[in-house]
Participant: 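Could you have a look at this structure, given as structure tokens, before my questions?
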2 protein chains.
Amino acid sequence: MPAIERREITGFSNPTVKYLRSLRDKKHRKRERKFLAEGLRLLTDARECGKLPETLIMADKRDPHQLLDELEHAVAQNGGEIIVTPAEILTKITGKDNPQAVAGVFTEFDTSLTSLDRTAGSIWMVAQALRDPGNLGTMLRTCDAVGAGGLILIDDCADPFSVEAVRASMGAVFTQQIGQTSWDDFLPWLRSGPENQRGQLIAASLRNAVDYRDAPYAAPCFILVGNESRGLPEAYENACDLRVTMPMKGRADSLNAAVAGAVLAYEVLASLD
Amino acid sequence: MPAIERREITGFSNPTVKYLRSLRDKKHRKRERKFLAEGLRLLTDARECGKLPETLIMADKRDPHQLLDELEHAVAQNGGEIIVTPAEILTKITGKDNPQAVAGVFTEFDTSLTSLDRTAGSIWMVAQALRDPGNLGTMLRTCDAVGAGGLILIDDCADPFSVEAVRASMGAVFTQQIGQTSWDDFLPWLRSGPENQRGQLIAASLRNAVDYRDAPYAAPCFILVGNESRGLPEAYENACDLRVTMPMKGRADSLNAAVAGAVLAYEVLASLD
């Protein structure tokens, strides 16, 4: 194999370090349409899904690892850049105290509705105005676990390409399809297409709802989860094909958004099986 | 009703402000054995559970609210202190950009195993080395929703009295019992007591496990959830009475810890009903 060309960066004030750090900031990320992902396992998952970083940043005193060698070669062969830098600079870039030995820069994926393959799964998660990037990443991870088609983000959600969301997704940001749209565009898309592909929209609700353990789920199921503080707007709930209710035995009248989505998704999975 | 004595604080450098802020820091919190909780809804939940703050801090330009008046009277009658301060100082105390109009200081509860009423619920959650306070709070919230007895924290977990955990619990920190102990003390406690109160310890596992939808759950069920990165130690898994497995259809081999606990808890709830 030919030698790999590596660029060494040792200074905190290096412009590339500044550029990479800036990708933690939403404004810069959106302008560049790039995002950061960190960790050998996550980058290996990405590679196995056919997604290679354009830039690979490795800590200079990392432990050797075959998967890291393979990753480096794949990035280099693909025309990507390899950067080697002290662990402290990598920490500064990713903003994590306990840094991984490697990080990568990816181009954001197309998240338009038209890019989604609706036949990819019989369960989809739909989040409305979900504000917490950790919740968003956790929902992606749950999507992966139930073999979902993907996660569709409605209205003003957290950024799925933020470092926190990517981290919480544990790699599912690469395995799951992601859509970003508005409610007004989502509904016609959901109702379009061949009849057997039209989605059943499902909300957890306290209004006019059936027991979630005994509900007539019909694939493809789109599980709609609302904003962390306000829940779903009533009009959105009313537009759902199915409103299901989950036991609430305590004082609270709701679950964490990512938890509610997961409990429902596992119920749908068992019901469709 | 007699007039309530209120203390006004207007300076950021006031020692009481410094003291209150310091409660966000674990070291200070543990020394004082006090914690902060914020928001009218949460403090009202606490009051209805018989828990009143020793100090109530209110924003000076808050909107009037009957529940807040009731809370203030209850705290004053109970001999507590009432502080009125600008919203900016309250923001500084709780560290939240979008501050609630009220916060309270509570004494930490007794979290020894001997303080727990085992008959309080037929489902318990047990977290081992859970590091994320958000996950911890979310688990408390799920405990409340399934009518659990409480949450038991094993080994080195995040602090249930941190601002983040209290916030994520959405008040469940006041409604749920909390235990803090070690594995070596937990197991004998679990196996002690009258035979019908001895707990069934359940782990989500990939080893030698039965389908979680078809498992012989028997109350009281103790659902054991492991550390976010490492999962459960094998020895802990082996000590469980029941190992159950959940479908993992994607690339990942695990769920977020709070999500896994919730999916299991809802399954146990349905099974025991």
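By convention in this document, chain letters (A, B, ...) are assigned in the order of the sequence lines, proteins followed by strands, and residues within each chain are numbered from 1. Note that the structure is predicted; figures quoted are calculated from it, not measured.
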Participant: Heavy-atom distance under 4.5 Å to chain B: side chain of A:Asp273, backbone, both or neither?
Facilitator: side chain
Participant: Would you check if the side chain of A:Asn256 reaches a backbone N or O of B:Thr138 as a donor-acceptor pair within less than 3.5 Å?
Facilitator: no
Participant: Return the option, out of A:Ala265, A:Gly147, A:Pro247, A:Ala252, with the maximum number of heavy-atom pairs under 4.5 Å with chain B.
Facilitator: A:Pro247
Participant: Is it the backbone or the side chain of A:Leu264 that comes under 4.5 Å from a heavy atom of chain B, or both, or neither?
Facilitator: neither
Participant: By a 4.5 Å heavy-atom criterion (distance strictly below it), what part of A:Thr142 contacts chain B: side chain, backbone, both, or neither?
Facilitator: both
Participant: Nearest 0.5 Å, what's the OG1-CZ distance between A:Thr175 and B:Arg251?
Facilitator: 7.5 Å
Participant: Any chance you could measure A:Ile123, atom CD1, to B:Lys249, atom NZ, to the nearest 0.5 Å?
Facilitator: 8.5 Å
Participant: Is there a side-chain contact (heavy atoms from CB on, under 4.5 Å) between B:Tyr266 and A:Tyr212? Walk through the geometry before answering.
Facilitator: CA-CA 11 Å; B:Tyr266 266 93; A:Tyr212 88 111; 3.5 Å; yes
Participant: Please classify the contact of A:Val263 with chain B as side chain, backbone, both or neither, using a heavy-atom distance under 4.5 Å.
Facilitator: both
Participant: So which residue, B:Ala258, B:Ser254, B:Ala168, ends up with the most heavy-atom pairs under 4.5 Å with chain A?
Facilitator: B:Ser254
Participant: Which bit of B:Glu267 is near chain A, if near means a heavy-atom gap under 4.5 Å: side chain, backbone, both or neither?
Facilitator: both
Participant: Return the option, out of A:Glu228, A:Glu48, A:Gln176, A:Met246, with the maximum number of heavy-atom pairs under 4.5 Å with chain B.
Facilitator: A:Glu48
Participant: Taking atom CG as the centre, does B:Asp117 end up with more than 12 heavy-atom neighbours from other residues, nucleotides or ligands that are less than 6.0 angstrom away?
Facilitator: yes
Participant: Given the options A:Met170, A:Arg141, A:Met248, which has more heavy-atom pairs under 4.5 Å with chain B than any of the others?
Facilitator: A:Arg141
Participant: Examine whether an atom of A:Cys143 lies under 4.5 Å from a heavy atom of chain B, and if so say whether it belongs to the side chain, the backbone or both; otherwise answer neither.
Facilitator: neither
